[in-house]
A.B. asks: 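Once you've had a glance at the structure underneath, I'll fire off some questions.
The chains referred to below are lettered A, B, ... by the order of the sequence lines, with proteins before strands, and numbering in each begins at 1.
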There are 2 protein chains.
Amino acid sequence: MEKFPAPSFYAHRHNHNACIHSALNKAQHICAKKEIRFTRIRQQTLELIWSSHKPILAYELLRTLRREKHNAEPPTVYRALDFLLENQLIHKIESLNAYVGCHFPDKDHISQFLICTGCHQIAELEDANVNKVITRQAARSGFQVAQQTVEIRGLCPTCQNL
Amino acid sequence: MEKFPAPSFYAHRHNHNACIHSALNKAQHICAKKEIRFTRIRQQTLELIWSSHKPILAYELLRTLRREKHNAEPPTVYRALDFLLENQLIHKIESLNAYVGCHFPDKDHISQFLICTGCHQIAELEDANVNKVITRQAARSGFQVAQQTVEIRGLCPTCQNL
DNA sequence: TGACTAATTGTTATATTATAACATAATACT
DNA sequence: AGTATTATGTTATAATATAACAATTAGTCA
Ligand SMILES: [Zn+2]
Ligand SMILES: [Zn+2]
Ligand SMILES: [Zn+2]
Ligand SMILES: [Zn+2]
């Protein structure tokens, strides 16, 4: 495997419009395939979540959504979030009560999050080793793993040099 | 290492008073050593948190605390929680917004939590392998780890057989 | 097409989790 | 005792999330 920083931490220099469009396109296809409805509100919400690689709070989302959709209320946002979460188009960062776009929406996966406390950006890893060790060590306690929350705080490559 | 379930999952059959007293005693000593004040409110709060191996919500804590302390208000609880968290006497389970007693308060440690979705009990692991793999895989992205949240949901040995 | 059904969104209210701000009290230090 | 520091009391409010029911929209099919 390559030893370059995960793509997300290139965010300073990359063409982020490509990220957004790619995410929306993938979502479009996934929903079509699953025959579920990727409505306007859901699209707008996903697009806002992808507006950066930083996790976004539900009420930030609401404030922004209201610029286009004057009558938006909390349930509007939470329903869209629920839909996007259920379909693995986004993830919730539990330790921040915030939401980020999923980098592998077309793939069943177990991910880990690197959260930079410098620039507040997030990278999503999908590391088989981490998953394997967790599952194995839990099994040593006789525990059967169903789901994992792995959120790692620290400094991204860029922020280490600041 | 032994391959028995972690102590916490013995909760059905164990002498839980021993857990409570041990936790309070350790806390007492740790606070004395650090020359920080283990006040009545902090003791009561820690004792309530240790009343089971299930994570407890801040407002549950408040309701219970009020039985002894009629004028308790949210800041009372949150201040006690802050103190206990800062001194590693308890942990917050981020995915539940709930709090559990720490099993290794006298030791600097990085822990992982096994959360049983059957009986809602929690076990705290302090597994060097998990920590090591996470740190190593993060480093492959150039990421410097400062802190970890690892919360694993699934079924404990007992609940697998129900 | 138009009636029927299911899914989505609108709307109001409220529950739950957590903190701000300032007053008072208890403790530690000289 | 007098002062500084830490802890607690008290009131208000911020931030996160859901319940409940009404209205609308989209899909189904006679
Ligand atoms: Zn991007
Ligand atoms: Zn950074
Ligand atoms: Zn611990
Ligand atoms: Zn169990």
Side-chain angles (χ1 to χ4, degrees), chain A residues 27-28 31-49 54-87 89-100 120 149 151, chain B residues 27-28 31-49 54-87 89-100 120 149 151:
Chain A
Q28 198 68 259
C31 292
K33 197 164 182 179
K34 291 197 199 175
E35 299 189 37
I36 52 180
R37 289 162 56 195
F38 194 42
T39 63
R40 180 95 186 92
I41 291 176
R42 292 164 178 175
Q43 288 175 46
Q44 284 176 298
T45 304
L46 184 60
E47 185 170 354
L48 287 176
I49 290 171
K54 300 179 191 174
I56 188 166
L57 302 166
Y59 277 73
E60 273 185 62
L61 216 46
L62 178 57
R63 276 190 292 279
T64 312
L65 202 57
R66 273 181 167 154
R67 295 214 274 260
E68 295 184 50
K69 210 179 154 10
H70 206 272
N71 63 335
E73 294 293 340
T76 308
V77 165
Y78 282 102
R79 282 169 183 152
L81 288 172
D82 286 345
F83 173 87
L84 297 170
L85 286 167
E86 269 166 24
N87 293 288
L89 298 170
I90 62 171
H91 296 288
K92 178 173 185 181
I93 304 300
E94 299 287 353
S95 58
L96 298 173
N97 296 317
Y99 305 83
V100 285
H120 301 106
T149 298
E151 300 175 5
Chain B
Q28 198 68 258
C31 292
K33 196 163 181 179
K34 291 198 200 173
E35 300 189 36
I36 53 180
R37 290 160 57 193
F38 195 42
T39 63
R40 180 95 186 93
I41 291 176
R42 291 164 178 176
Q43 288 176 44
Q44 285 177 297
T45 304
L46 184 59
E47 186 170 354
L48 288 176
I49 290 171
K54 300 178 191 174
I56 188 167
L57 302 167
Y59 276 75
E60 273 185 62
L61 217 45
L62 178 56
R63 276 189 292 280
T64 312
L65 201 57
R66 274 181 166 154
R67 296 213 273 260
E68 295 184 51
K69 208 175 159 11
H70 206 274
N71 63 336
E73 295 292 341
T76 308
V77 165
Y78 281 102
R79 282 168 183 154
L81 289 172
D82 286 345
F83 173 87
L84 298 170
L85 286 167
E86 270 166 23
N87 293 289
L89 298 169
I90 63 171
H91 295 287
K92 178 173 186 181
I93 305 300
E94 300 287 353
S95 58
L96 297 173
N97 295 318
Y99 304 85
V100 285
H120 301 106
T149 297
E151 301 175 5

A.B. asks: Please tabulate, for side-chain N and O atoms in residues 89-98 of chain B, each donor-acceptor pair with protein atoms closer than 3.5 Å (sequence neighbours left out).
C.D. replies:
| residue | atom | partner | partner atom | Å |
| --- | --- | --- | --- | --- |
| B:His91 | NE2 | B:His109 | NE2 | 3.4 |
| B:His91 | NE2 | B:Glu124 | OE2 | 2.9 |
| B:Ser95 | OG | B:Glu151 | OE1 | 2.5 |
| B:Ser95 | OG | B:Arg153 | NH1 | 3.1 |

A.B. asks: Any side-chain heavy-atom pair from A:Ile36 and A:Phe83 closer than 4.5 angstrom?
C.D. replies: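 They are in contact (side-chain heavy atoms under 4.5 Å apart), so the answer is yes.
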A.B. asks: Could you tell me the separation between the CG atom of A:Asp82 and the P atom of D:dT18, rounded to a whole number of Å?
C.D. replies: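 Those two atoms, CG and P, are 7 Å apart.
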A.B. asks: To the nearest angstrom, how far is B:Ile56 atom CD1 from C:dA18 atom P?
C.D. replies: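 After rounding, the gap between these two atoms is 13 Å.
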A.B. asks: Could you check B:Tyr99 against A:Arg40 and say which one's nearest nucleotide on DNA chain C is further toward the 5' end?
C.D. replies: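 It is A:Arg40, whose closest nucleotide lies nearer the 5' terminus.
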A.B. asks: For B:Lys33, does the NZ atom sit with more than 12 other heavy atoms under 6.0 Å from it, leaving out its own atoms?
C.D. replies: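 Atom NZ in B:Lys33 is not packed in, count stays at 12 or less.
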A.B. asks: How long is the line joining CG of B:Leu85 and P of C:dT17, in whole Å?
C.D. replies: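 Computing the B:Leu85:CG to C:dT17:P distance gives 16 Å.
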A.B. asks: I need the minimum non-hydrogen distance between B:His120 and B:Pro55, along with the two atoms involved.
C.D. replies: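 So the minimum-distance heavy-atom pair works out to O-CD, 3.3 Å.
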A.B. asks: Checking A:Arg40 against A:Glu68 for the salt bridge (charged side-chain N to carboxylate O under 4.0 Å, His left out) test, could you report, in this order, the C-alpha distance in whole Å, the side-chain angles of both residues, the deciding distance, and whether it holds?
C.D. replies: CA-CA 11 Å; A:Arg40 180 95 186 92; A:Glu68 295 184 50; 3.6 Å; yes
A.B. asks: Stacking between C:dT19 and B:Tyr78, yes or no? Criterion: centroid separation under 5.5 angstrom, plane angle under 30 degrees.
C.D. replies: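 The ring of B:Tyr78 is not stacked on C:dT19.
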A.B. asks: Find the distance A:Gln43:CD to C:dT8:C1' and express it as a whole number of Å.
C.D. replies: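 In whole Å, C:dT8 C1' and A:Gln43 CD are 14 Å from each other.
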A.B. asks: Quick one: does A:Tyr59's side chain get under 4.5 Å of A:Arg63's, heavy atoms only?
C.D. replies: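 Counting from C-beta outward, A:Tyr59 and A:Arg63 do come under 4.5 Å.
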A.B. asks: Calculate the interatomic distance between A:Tyr59 atom OH and C:dA18 atom C1'; express it in whole Å.
C.D. replies: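 Taking atom C1' of C:dA18 as the reference, OH of A:Tyr59 is at 14 Å.
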A.B. asks: Please list, in numerical order, the residues of residues 61-77 of chain A that have a heavy atom closer than 4.0 Å to any atom of DNA chain D.
C.D. replies: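 Going residue by residue through residues 61-77 of chain A, the ones with a heavy atom under 4.0 Å of DNA chain D turn out to be A:Pro74, A:Pro75.
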A.B. asks: Check whether any side-chain nitrogen or oxygen of B:Lys92 sits under 4.0 Å from OP1 or OP2 of C:dA18, and answer yes or no.
C.D. replies: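 It does, given that an N or O in the side chain of B:Lys92 lies less than 4.0 Å from OP1 or OP2 of C:dA18.
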A.B. asks: Check each of A:Thr45, A:Leu46, A:Leu81 against A:Tyr99 using the side-chain contact (heavy atoms from CB on, under 4.5 Å) test, and report the only one that passes.
C.D. replies: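 Answer to the side-chain contact (heavy atoms from CB on, under 4.5 Å) test with A:Tyr99 among A:Thr45, A:Leu46, A:Leu81: A:Leu81.
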A.B. asks: For DNA chain D, whose closest nucleotide is more 5', that of A:Leu96 or that of B:Arg42?
C.D. replies: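 Comparing both residues, the 5'-ward one is B:Arg42.
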A.B. asks: Produce a footprint string for nucleotides 22-27 of chain C: one letter per nucleotide, 5' end first; B if the base is under 4.0 Å from any protein heavy atom, S if only the sugar-phosphate is, - if neither.
C.D. replies: -----S
A.B. asks: Within this structure, what is the CD1-to-C1' distance between A:Ile41 and C:dG10, rounded to whole angstrom?
C.D. replies: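 From A:Ile41 CD1 to C:dG10 C1': 9 Å.
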A.B. asks: Specify the separation, in whole Å, of atom CD1 of B:Ile36 and atom P of D:dT6.
C.D. replies: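 Those two atoms, CD1 and P, are 13 Å apart.
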A.B. asks: How many Å lie between CG on A:Leu81 and P on D:dA15, as a whole number?
C.D. replies: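 Between P of D:dA15 and CG of A:Leu81: 18 Å.
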A.B. asks: Do the non-hydrogen side-chain atoms of A:Thr64 and A:Arg67 ever get within less than 4.5 Å of each other?
C.D. replies: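 Contact flag for A:Thr64/A:Arg67 side chains = yes.
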A.B. asks: With a cut-off of less than 4.0 Å, is there a side-chain N or O of A:Asn97 near OP1 or OP2 of D:dA17?
C.D. replies: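 For D:dA17, OP1 or OP2 has a side-chain N or O of A:Asn97 closer than 4.0 Å.
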A.B. asks: Is there a side-chain contact between A:Leu61 and A:Ile49 in this structure, where contact means two heavy atoms from C-beta onward sitting under 4.5 Å apart?
C.D. replies: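 They are in side-chain contact.
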